[in-house]
Amino acid sequence: MAEDEFGLKEKVSKLPTTPGVYQFFDANGVIIYIGKAKNLKNRVSSYFVKTNQTSKTMVLVRKIRDLKYIVVNTEEDALLLENNLIKKYKPHYNILLKDDKTYPWICITKEAFPRVFTTRKFIRNGSEYFGPYTSAKYANTLISLIKSLYKLRTCNLSLNKSAVYSGKYKVCLEYHIGNCMGPCVGYVQEEEYMEYIAQIQNILKGNISSVIDFMTRKMKEYTVSLQFEKAQEMKEAIEALKTHQTKSTIVSTSINDIDVFSYLEDEKYAYVNYLRIVHGAVNQVHTIELEKKLDESKESLLSFAIFEIRQLVNSRSREVLVPFYPDVLMEGINYAIPQRGEKKQLLELSERNVKFFKMDRERQRGLRRQDSKLDLLNTIKNDLKLPRLPHRMECFDNSNIQGTNPVASCVVFIDGKPAKREYRRFHVKTVIGANDFASMEEILYRRYHRVLEEGGELPDLIVVDGGKGQLSSAVATLRKLDLLERVPIIGLAKQMEEIYYPGDKDPYLLAKTSVALKTLMHIRDEAHRFGITFHRKLREKKQTISVLSEIKGIGEKTEVSLLQYFKSVNAIKEASREELAKAIGPAKGNIVYDYFHSAVS
């Protein structure tokens, strides 16, 4: 066993039974897998049990040469440490978070007359950060709203009282065009400015209703004091906030500060959607994609995603709605699986989001594959000077050894990939001996005569294995069928990988690194492999039948019965009299037994 050879069995036997994180190393000392465990000894031991292992796990175990572990106090600590170590080392066999973007924050600076702006850098300098926002568009929308409501400064001047009131600064263009209240020259008091900052904080926390209530009171005060211009400005600001509020998804006025997670997976990927509910509205939406490397459980993947997303958005919500319980229940969080009512509707909303995200990802991957496929076909079309994209390519090869059992093969590639269901084998019927040219002519005629009769699909390119001779025979056949002008055909000679075109005296050479040449070589080699395999089976069958047919008293039906029962001639040779009698009767069984055993003696 591998664990005995490398001393792993002893290490595993001495592992503690406490929660912790384990690391597997390969022969080069590189970390290839990091995992968490409630019980380190039990979890790590399970990798070296040969029963019920998936093929992916078996591959991982074969590469393990060493292990290390870190003991922690709780499962939650193990999840935290595992998450951080996976991000640091990115082991080959761990799940891969398909999201390496940085997200924007909205920053309120800690200074006199604070500034408000978006940034992707989180600097711990006392400033207040909101987010991160997984949608940059949403963050920019909030900033645009704030700028339309509040004329805050955008400069980075140091606005201490002595500088402001000593006349050190002058108003800039932003003031003159109405985008700033002029705090640099004392046109607005710091107390009033900070009232606006408090309102902005409430907006960013999702508490828009309280800001609207405050603004409504201020509007009435301005009206009573006959400050109609300010009252009108306040009214417009209230309308802008209400418009923004109606654009938010209102889910319930009675639900506040809840995280919602939903889960969806396929064979290769897991998807987790997150909704953040603040003051009855969806405040944030985010979906992540996890690429599975081993056969991780959905419970462990959900745990990883919950921890990752809550850490990303800095969530402190105590109530979390989930479709099923994760494998680690974190302290201070109340998990719930809603069965009915508004919370069930919230989970269903999240599930719709994750479903559409999965469909979109699959569509994007399909488009990438489509683009890659078209790039390949365009390259082949241009390099080989073809009249159209070679969506369907067919290649032919002859196979015989010293003229025996002449056969041919036809392989089909669709969009650059083998279409094995469309492969065809041919027995050469009209040619005696080793005559590749005549064999090629016969096989192509039979192939495309049938395609034309049945209304089948003609290829965009025919490739024949060979040089000018084989190509000339193939061209003669296509001319007979009136296909020469309809279907491009080339020959590919093995020695120098030269390409021959009909009517050209000299071959055409592509660079050895050419994608088009590599594809042609692939299809040619596949045709050769397919034909050789067929030829070998025919020879083996003929040899088998010839051995049994030499036994006097054994006819063709008995030969078939023997091969069906024993599967091979070697098994027949090694069979006892009783086994042979059971298969074909005592009399014939004795004949066969005596034939093989007298021949041995």
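For reference, positions follow the sequence shown, starting with 1. Keep in mind the model is a prediction, meaning the values are calculated, not measured.
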>> Does E10 form a salt bridge (Lys or Arg N to Asp or Glu O under 4.0 Å) with K14? I'd like the steps, not just the answer.
In response: CA-CA 6 Å; E10 184 179 355; K14 293 181 178 178; 3.1 Å; yes
> Please, which pairs that meet side chain to side chain donor-acceptor pair (under 3.5 Å) have at least one residue in residues 319-333, sequence neighbours excluded?
Replying inline: K36-D327, S303-D327, E319-K343
> Under 6.0 Å from the OH atom of Y335, do we count more than 12 heavy atoms belonging to anything else shown?
Replying inline: yes
> D26 and R65: salt bridge (Lys or Arg N to Asp or Glu O under 4.0 Å), yes or no, with the steps?
Replying inline: CA-CA 5 Å; D26 65 10; R65 296 296 181 270; over 6 Å; no
> Is a side-chain donor or acceptor of D360 paired with a backbone partner of F356 at a separation under 3.5 angstrom?
Replying inline: no
>> If you apply the rule salt bridge (Lys or Arg N to Asp or Glu O under 4.0 Å), what do you find for K298 with E265, and how did you get there?
In response: CA-CA 8 Å; K298 64 180 183 179; E265 67 177 355; over 6 Å; no
> Are side-chain heavy atoms of F261 and R310 found at a separation under 4.5 Å?
Replying inline: yes
> Has K68 got more than 12 heavy atoms of other residues, nucleotides or ligands less than 6.0 Å from its NZ?
Replying inline: no
>> Between R392 and E422, is the salt bridge (Lys or Arg N to Asp or Glu O under 4.0 Å) condition met? List the steps.
In response: CA-CA 11 Å; R392 183 184 182 93; E422 302 207 34; 2.5 Å; yes
> Parallel under 30°, tilted from 30 to 60°, perpendicular over 60°: which one fits the rings of H522 and F413?
Replying inline: perpendicular
> Does D375 offer a backbone N or O that forms a donor-acceptor pair with the side chain of T379 under 3.5 Å?
Replying inline: yes
> Does the side chain of L492 come within less than 4.5 Å of I490's, by heavy atoms?
Replying inline: no
> Regarding D397 and H528, is there a side-chain donor-to-acceptor distance under 3.5 Å anywhere?
Replying inline: yes
> Got a salt bridge between E111 and R153, using NZ or NE/NH1/NH2 to carboxylate O under 4.0 Å?
Replying inline: yes
> Where the side chain of K293 meets the backbone of Y33, is there a donor-acceptor pair that is under 3.5 Å apart?
Replying inline: no
>> Can you tell whether the side chains of E362 and K358 come within less than 4.0 Å, N to carboxylate O?
In response: yes
> Going by atom types alone, do Y93 and K56 pair a side-chain donor with an acceptor below 3.5 Å?
Replying inline: no
> Is a side-chain N or O of T118 found less than 3.5 angstrom from the main chain of I106, in a donor-acceptor match?
Replying inline: no
> Could K87 and E308 be called an ion pair, given the rule that one side-chain N must be under 4.0 Å from one carboxylate O?
Replying inline: yes
> Does Q339 use its side chain to pair, donor to acceptor, with the backbone of I337 at less than 3.5 Å?
Replying inline: yes
> Is atom NZ of K38 surrounded by more than 12 heavy atoms (other residues, nucleotides or ligands) closer than 6.0 Å?
Replying inline: no
> Are Y271 and Y263 close enough that their ring centres sit under 6.0 Å apart?
Replying inline: no
> With under 30° as parallel and over 60° as perpendicular, where do the rings of Y423 and F530 fit, or are they tilted in between?
Replying inline: perpendicular
>> Counting C-beta onward and ignoring hydrogens, is there a side-chain heavy-atom pair between D259 and Y274 closer than 4.5 Å?
In response: yes
>> Side chains of I95 and L294, heavy atoms from C-beta outward: is any pair under 4.5 Å?
In response: no
> Using a distance-only test with no angle check, is there a side-chain donor-acceptor pair under 3.5 angstrom linking D77 and T74?
Replying inline: yes
> Any chance the side chains of D257 and S317 put a donor and an acceptor closer than 3.5 Å?
Replying inline: yes
